[in-house]
Amino acid sequence: MNKAHKRIGMLLIAIIACLMVIPVFEPLPEVGGKSKVQEHPPKKEQVAKKENDRPYPDPSDMRPMTGHYYLYSSETKRKYPDLRKYKDVWIRVSILGARAYVMSGKKVIYTMYASPGAINKNGESRTPVGNYRIQEESGEVFYNNDGVGARYCVSYHQHGVYLFHSVPINNFNSGVKAGKYHYGYKGGAHLTTLGKKPDSHGCVRLSVSDAKWIYEQRLNGGLPVGSKVVLKMR
């Protein structure tokens, strides 16, 4: 066999080897989780984990978290209950679950979207966990020195430091305008996180409508000073 034949033979062997190798290695990206098909299961696991973070299931009439949902009641069919008609009324907050539950004994009587304190690198929330009580301090509106504030606040810890209140408002005409108030700031930040994740500086944010109801119940005696407030991570 001359040199030309040897070269042709070696070329054929190399081509055959390549054809044998390609089918073995092409499917591996799908198995390894880097393909587009493999990106979806982790998202489903994250959704399931969020649901597991909540101590109670959401009622079927929870408002879709779209549009300006943060202005309205969290439940769409059930009217706000008059808490004066219930016994042993208290509030349970799930920080990671982003929910606040108005309780009567062991029964949930109303479920609210919430956004408690943001989580730091150590996995701790800026909202302190523990057992607290509704306090005297409350008000229809407040602003901090930076021009950011909230509506319908009710204190539960450190007398005006930690509050239930609405999603943030501002006095520098930023964010989403509804009525005479501007909600959020810097283009409406911190509004659509309500009910989705902990995002506040430490207070428990509620929708505007839910915060107003809690505030009114505080004033009319349905949620009197001394009512229990329990905050847990889940």
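What's counted below: heavy atoms across the whole structure, side chains too, no hydrogens, waters or symmetry copies.
- Ring orientation note: the planes of His165 and Phe142 are nearly perpendicular, at an angle over 60° on the 30°/60° scale.
- Heavy-atom contacts from other residues, nucleotides or ligands closer than 6.0 Å to CG of Asn122 number more than 12.
- The two residues Pro64 and Tyr69 have their closest heavy-atom pair at O-CB, 3.5 Å.
- No side-chain heavy atom of Val208 sits less than 4.5 Å from a side-chain heavy atom of Ile169.
- In this structure the side chain of Val176 never reaches within 4.5 angstrom of the side chain of Leu71, judged on heavy atoms.
- No side-chain donor-acceptor contact under 3.5 Å links Tyr110 and Ser74.
- By the 4.5 Å heavy-atom criterion applied to side chains, Arg205 and Tyr70 are not counted as neighbours.
- If you take CD1 on Ile91 and CG on Leu231, they are separated by 9.0 Å, rounding to the nearest 0.5 Å.
- Ring geometry for Tyr56 versus Tyr101: interplanar angle over 60°, hence perpendicular rather than tilted (30 to 60°).
- Between Tyr181 and Val141, some side-chain heavy-atom pair lies under the 4.5 Å cut-off.
- Every pair passing salt bridge (Lys or Arg N to Asp or Glu O under 4.0 Å) that includes a residue from residues 55-82 is listed here, sequence neighbours excluded: Arg54-Asp58, Asp58-Arg99, Glu75-Arg78, Asp82-Arg84.
- Ring geometry for His157 against Tyr132 counts as tilted: the plane angle lies between 30° and 60°, on a 0 to 90° scale.
- Hydrophobic clustering, with ILVMFWY side chains joined whenever heavy atoms are under 4.5 angstrom apart, groups Tyr215 together with Trp213.
- Val204 and Leu83 fall within the same hydrophobic cluster, where Ile, Leu, Val, Met, Phe, Trp and Tyr residues are linked whenever their side-chain heavy atoms come under 4.5 Å apart, directly or through other members.
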- Message: For Ser125 and Met233: C-alpha separation, side-chain torsions, deciding distance, then whether side-chain contact (heavy atoms from CB on, under 4.5 Å) applies.
- Response: CA-CA 8 Å; Ser125 173; Met233 291 302 291; 4.2 Å; yes
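- In this structure, Ile109 and Pro81 approach most closely via the heavy-atom pair O-CG, 4.2 Å.
- Among all heavy-atom pairs drawn from Ser73 and Ser209, the shortest one is N-CB, 3.5 Å.
- Residues Ser115 and Asp199 have side chains that never bring a donor and an acceptor to within less than 3.5 angstrom of each other.
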N/O donor to acceptor pairs below 3.5 angstrom from side-chain atoms of residues 147-155, sequence neighbours left out:
from	atom 1	to	atom 2	distance (Å)
Arg151	NH1	Tyr183	OH	2.7
Ser155	OG	Gln135	OE1	2.7
Ser155	OG	Gly160	N	2.9

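- Looking at every heavy atom in both residues, Ser94 comes nearest to Pro55 through CB-CD, 3.7 Å.
- Between Gly184 and Leu191, the closest heavy-atom pair is N-CD2, 3.5 Å.
- Heavy atoms only, all atoms of each residue included: Tyr72 and Asp210 are closest at O-OD1, 4.3 Å.
- Heavy atoms of other residues, nucleotides or ligands lying less than 6.0 angstrom from CD of Gln158 number more than 12.
- A 4.5 Å side-chain heavy-atom check between Ser227 and Val229 finds every atom pair outside the cut-off.
- Judged by distance alone, the side chain of Ser104 and the main-chain N or O of Lys107 form no donor-acceptor pair under 3.5 Å.
- Transitive grouping of hydrophobic side chains (ILVMFWY, heavy atoms separated by less than 4.5 Å) keeps Val225 and Trp90 in distinct clusters.
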